Number of protein chains: 2
Amino acid sequence: MSLPHAILTALMEKPSSGLELTRRFDKSIGYFWSSTHQQIYRELGRLEEAGLIRALPSEVPVRGQKKEYEVLPDGSAELARWVDESQDPKPVRDALLLRIRAAAVVGPQGLGSELRRHLELHRAQLATYEAIEAKDFPAGRDADADRLRRLVLRGGIALEGFWLSWLEEALAEVEALSGDGA
Amino acid sequence: MSLPHAILTALMEKPSSGLELTRRFDKSIGYFWSSTHQQIYRELGRLEEAGLIRALPSEVPVRGQKKEYEVLPDGSAELARWVDESQDPKPVRDALLLRIRAAAVVGPQGLGSELRRHLELHRAQLATYEAIEAKDFPAGRDADADRLRRLVLRGGIALEGFWLSWLEEALAEVEALSGDGA
DNA sequence: GTCTTCATGTAACGTGTTACATGATTGA
DNA sequence: TCAATCATGTAACACGTTACATGAAGAC
């Protein structure tokens with residue numbers, strides 16, 4: 001269960017409203033903990049209820065009015081506690097691998113074009129990450145926080161690298177099948 | 001979703017009871033589509049209801065009695081249809097990456113030992129995969145089905161390879177932090 | 001005024017997880 | 001006969017997804 005901690009992290013980096021959070025998830029935190037605005041609003045409500053964050057005063061809290069949240073000391077403490085928790089890696093659950101395994105029993109059909117499509121998507125994602133690295137981590141920034149954030153980004157980059165090289169192998173394999181699969 | 005298709009695939013490879021399926025998920029299909037026995041029983045019920053599989057007759061279907069299922073033609077057709085479906089890769093959702101990003105704002109605490117622990121787990125998983133490769137895919141088997149299943153396994157191996165190399169980088173980085181993180 | 005976009009939600013549902021329940025079979 | 005193990009489930013709940021609803025602000 002990590003969505004609340006993803007939100008706490010984002011809010012500590014910068015107090016935000018629900019929609020701002022949603023956007024930031026779309027182009028940063030969401031790269032390794034994806035979420036939708038519905039989940040975010042639900043979780044913001046719970047975090048506020050639990051006293052870990054609060055809505056900044058000033059504006060009247062009406063529907064349709066922007067509401068900014070900031071992390072309270074209890075929230076920061078909870079995040080520190082969670083960072084120190086130990087948790088086993090979650091078993092893989094990947095539909096593409098499953099499809100190929102299924103293709104072994106019912107035939108590869110149009111698997112080739114699906115592999116090509118995924119290749120393109122992963123290439124694009126890699127390009128996105130590399131653009132972020134160039135923009136946010138120019139040489140020379142080496143405060144601890146920057147080093148850690150960059151480490152996470154490099155995780156994303158290496159993961160896309162894995163996909164690209166495996167997908168290329170897979171595509172070659174599928175196209176070489178007896179009956180031709182594409 | 002894909003659990004029903006994972007089950008159909010497993011049942012086409014070999015008709016099984018719920019518990020046998022659970023065991024096979026634990027040491028094969030589950031490596032890329034994990035599941036628990038509760039989910040499997042629930043889904044077997046639905047698949048039977050939908051007419052995609054059926055319980056082999058013979059035994060009285062009492063609680064506590066083994067019940068074997070086999071795939072019906074409709075099930076096989078549904079699996080073939082699904083294999084040909086196109087589906088975007090699911091966005092990453094990884095707690096360890098999130099923890100590191102959170103550590104950038106609240107400090108790395110005992111992150112070093114957690115990274116070491118994950119390293120060991122991934123090394124073990126890689127060893128498991130390599131043992132399976134040596135045992136199930138000795139040189140020379142090259143029927144289409146075998147090639148595809150081996151391809152999936154090599155995906156698992158490459159994925160563990162990604163984790164190992166990134167975790168080593170991460171560990172070096174975390175241990176080099178100003179305040180020392182382990 | 002109306003349309004679009006910003007912004008915050010509600011509702012319904014499906015999947016996944018955790019804890020527990022029940023019956024059959026086997027060995028001490 | 002007792003305990004352990006095999007085998008099949010039920011129940012409750014948390015999390016994630018999809019579709020829709022509502023209000024405010026600015027553009028035209």
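All values reported here derive from a predicted model rather than from experimental measurement. Numbered from 1 within each chain, the chains take letters A, B, ... in sequence-line order.
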Practice task
Tell me which residues in residues 31-45 of chain B put a heavy atom below 4.0 Å from DNA chain D, sorted by number, or none.
Solution key: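 Contacts with DNA chain D under 4.0 Å: B:His37, B:Gln38, B:Tyr41.
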Problem - Any residue meeting side-chain hydrogen bond (donor to acceptor under 3.5 Å, both in side chains) with B:His118, in chain and number order, not counting sequence neighbours - result: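 B:His118 satisfies side-chain hydrogen bond (donor to acceptor under 3.5 Å, both in side chains) with B:Glu114 only.
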Problem - Pair listing, ring pair (Phe, Tyr, Trp, His ring centres under 6.0 Å) test, anchored in residues 79-101 of chain B, at least two apart - result: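 Sorted result for residues 79-101 of chain B: B:His5-B:Trp82.
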Exercise for the section: Mind jotting down which residue pairs meet the ring pair (Phe, Tyr, Trp, His ring centres under 6.0 Å) criterion with at least one end in residues 87-108 of chain B? Sequence neighbours excluded, please. Expected result: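 Matches after skipping sequence neighbours: none remain.
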Listed by chain and number, what are the salt bridge (Lys or Arg N to Asp or Glu O under 4.0 Å) partners of [X], not counting sequence neighbours?
{"X": "A:Arg154", "result": "A:Glu133, B:Glu169"}
{"X": "B:Arg81", "result": "B:Glu78, B:Glu85"}
{"X": "A:Arg123", "result": "A:Glu120, A:Glu168"}

Taking side-chain contact (heavy atoms from CB on, under 4.5 Å) as the definition, give me every residue that meets it alongside [X], ordered by chain and number, with sequence neighbours left out.
{"X": "A:Ala50", "value": "A:Leu52"}
{"X": "A:Pro15", "value": "A:Glu70"}
{"X": "B:Ala158", "value": "A:Phe162"}

Exercise for the section: Would you work out how much the helix from C:dG1-D:dC28 to C:dA28-D:dT1 bends between its ends, with each end axis defined by five base pairs, to 10 degrees? Expected result: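 Taking five pairs per end, the axes differ by 0°.
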Practice task
Using only side-chain N and O atoms of A:Lys90, determine if any of them is under 4.0 Å from OP1 or OP2 of C:dG16.
Solution key: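 A:Lys90 to C:dG16 OP1/OP2: no side-chain N or O under 4.0 Å.
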Practice task
Tell me which residues in residues 7-20 of chain B put a heavy atom below 4.0 Å from DNA chain C, sorted by number, or none.
Solution key: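 Going residue by residue through residues 7-20 of chain B, none turns out to have a heavy atom under 4.0 Å of DNA chain C.
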